[in-house]
Asker: 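First, the structure itself, so that you have it in front of you.
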There are 2 protein chains.
Amino acid sequence: MDDIVRLGREQLASVTPAELSLRAVARELGIVSSAIYRYVKDRDELLTLLIVDAYDELGAAVEDAVAAASRRSPRARVLLACQAFRAWSLREPSRFALLFGTPVPGYAAPAERTVEPGTRVPAVLVQLLEEAWLAGDLTTPEGSVPRTVRRDMDRIREEFGLTAPGPSVAKGLGLWSALVGAVSFEVFDQYGPDTLTDPAAFFDLHLESLIAAVGF
Amino acid sequence: MDDIVRLGREQLASVTPAELSLRAVARELGIVSSAIYRYVKDRDELLTLLIVDAYDELGAAVEDAVAAASRRSPRARVLLACQAFRAWSLREPSRFALLFGTPVPGYAAPAERTVEPGTRVPAVLVQLLEEAWLAGDLTTPEGSVPRTVRRDMDRIREEFGLTAPGPSVAKGLGLWSALVGAVSFEVFDQYGPDTLTDPAAFFDLHLESLIAAVGF
DNA sequence: TGCCAAATGTGAGCAGTGCTCTTGTTTTCC
DNA sequence: GGAAAACAAGAGCACTGCTCACATTTGGCA
């Protein structure tokens with residue numbers, strides 16, 4: 001069981017999620033192809049396991065980066081969290097694709113198993129937002145927020161026990177999607193070829209701007 | 001030839017890029033599977049055709065949205081461009097995935113055929129940035145930019161004939177990646193289930209913030 | 001110790017994929 | 001009319017996920 005996940009993970013080092021082969025892990029396991037179904041219901045089942053596995057490793061990486069700098073400002077830690085996110089993603093492009101790329105064909109992740117681990121990274125960001133708010137280090141955005149969005153943000157605030165204002169939470173969510181976008185551009189080579197000679201520097205610069213926009 | 005692209009496009013309405021089947025378009029064409037290779041070298045070849053096709057349609061949609069509001073401010077037109085991008089992407093999720101999602105397995109898009117159409121949307125954004133700059137409507141960012149990034153931006157400025165300052169161009173690029181990230185979150189259902197009841201409103205709000213961060 | 005049942009592994013088979021190769025049939029053009 | 005080019009067919013290879021009937025190993029209990 002654990003071996004299967006391990007082999008699947010190893011396979012993802014050299015292959016995109018869509019071409020992950022159950023037969024290949026069976027082969028690697030020294031077992032005939034049909035025997036794999038004794039341990040795993042489906043290819044989808046393996047995908048789910050790998051998704052949870054990846055979410056957990058990514059979540060841990062980001063949490064560790066933040067925890068290792070617990071004495072620094074929330075703003076500095078947000079930057080560290082984002083950098084850790086980027087570093088993990090560049091190290092594990094296929095697993096990043098598994099989590100944030102095109103969903104695999106007929107597959108729909110079972111929410112009850114993936115939502116919680118999938119929330120770890122945004123939870124870190126939102127927690128730091130809250131910390132900054134409590135410390136008075138958050139400049140809260142002006143301008144009005146549509147009622148619908150306000151309601152959605154209130155639900156999120158309740159879910160995470162946040163006292164930070166709705167508009168700030170909205171900006172935090174925006175940072176999250178922008179972060180994934182920026183990393184996705186790098187991992188998937190979306191910037192043209194040779195347009196960024198120093199992507200890390202560009203990323204940091206971009207992030208500064210995003211973080212400032214949130215109000216940190 | 002054109003029929004093949006058409007059928008491929010139609011297939012992409014109900015299927016992700018990774019499971020696009022050459023045999024299926026042959027079938028639909030009333031032809032035996034091997035005959036398709038008379039018209040198309042590879043599955044990769046068809047993918048390239050579909051990518052160019054999608055880039056062109058997306059580019060046209062965004063350009064049209066901007067052109068239809070030529071009398072409005074650059075800032076307003078950037079917003080319209082982004083909304084058009086989002087609208088097209090939500091209308092064509094598989095084709096969005098083809099362009100901005102996980103790259104298909106062994107496939108590497110031939111730069112000489114895809115770079116130009118793929119640049120149309122960012123070109124629009126950067127053009128509006130330039131326009132705003134020329135009109136004096138662009139607040140240029142403070143803070144220093146690393147030498148490496150500055151050089152990269154200078155190359156882009158030259159390529160597009162821009163007079164807008166490097167830091168602004170960098171922010172524009174950042175907007176582009178953040179935009180794709182935001183849309184990707186929606187298309188790929190990356191926000192948890194039922195967390196956004198009014199995604200369009202959230203998108204607009206987020207975009208306001210991003211556009212402001214660029215300096216428009 | 002002996003036996004039975006559960007767990008695990010096997011191999012054949014089905015339907016689907018991309019792709020190649022050889023053969024056959026149309027068009028087209030001179 | 002005949003040669004050449006274009007198009008189509010069909011068999012075949014290697015791969016995929018998945019199922020099913022069957023064999024073997026293993027563990028626990030009487």
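What you see below is based on every heavy atom in this structure, not just the backbone, and it leaves out hydrogens, waters and symmetry mates. Letters A, B, ... are given to chains in the order of the sequence lines, protein chains preceding strands, and every chain is numbered from 1.
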Asker: Please classify the nucleic acid contact of B/Leu20 as base, sugar-phosphate, or nothing, using heavy-atom distances under 4.0 Å.
Answerer: sugar-phosphate
Asker: Could you state the CG-C1' distance from B/Asp42 to C/dG18, rounded to the nearest angstrom?
Answerer: 9 Å
Asker: Please, which pairs that meet salt bridge (Lys or Arg N to Asp or Glu O under 4.0 Å) have at least one residue in residues 188-198 of chain B, sequence neighbours excluded?
Answerer: none
Asker: What does the B/S/- profile of nucleotides 5-16 of chain C look like, 5' to 3', with a 4.0 Å heavy-atom cutoff to protein?
Answerer: ---BBBB-B---
Asker: Just jot down the ring pair (Phe, Tyr, Trp, His ring centres under 6.0 Å) partners of B/Phe203, sequence neighbours excluded, or say none.
Answerer: none
Asker: Earliest and latest nucleotide of DNA chain D, 5' to 3', sitting under 4.0 Å from a non-hydrogen atom of chain B?
Answerer: D/dC7 to D/dG12
Asker: Mind jotting down which residue pairs meet the side chain to side chain donor-acceptor pair (under 3.5 Å) criterion with at least one end in residues 20-37 of chain A? Sequence neighbours excluded, please.
Answerer: none
Asker: Report the residues that fulfil side-chain contact (heavy atoms from CB on, under 4.5 Å) with B/Ala13, sequence neighbours left out, ordered by chain and then residue number.
Answerer: none
Asker: Would you call A/Arg6-A/Glu10 a salt bridge at under 4.0 Å N-O?
Answerer: yes
Asker: Just jot down the side-chain contact (heavy atoms from CB on, under 4.5 Å) partners of B/Pro93, sequence neighbours excluded, or say none.
Answerer: B/Val187
Asker: For residues 75-84 of chain A, pull every pair meeting side chain to side chain donor-acceptor pair (under 3.5 Å), keeping only residues two or more places apart or in separate chains.
Answerer: A/Arg75-A/Glu208, A/Arg77-A/Glu131, A/Gln83-A/Asp204
Asker: Kindly write out the residues that satisfy side-chain contact (heavy atoms from CB on, under 4.5 Å) with A/Ala87, not counting sequence neighbours, or none if the list is empty.
Answerer: A/Arg91
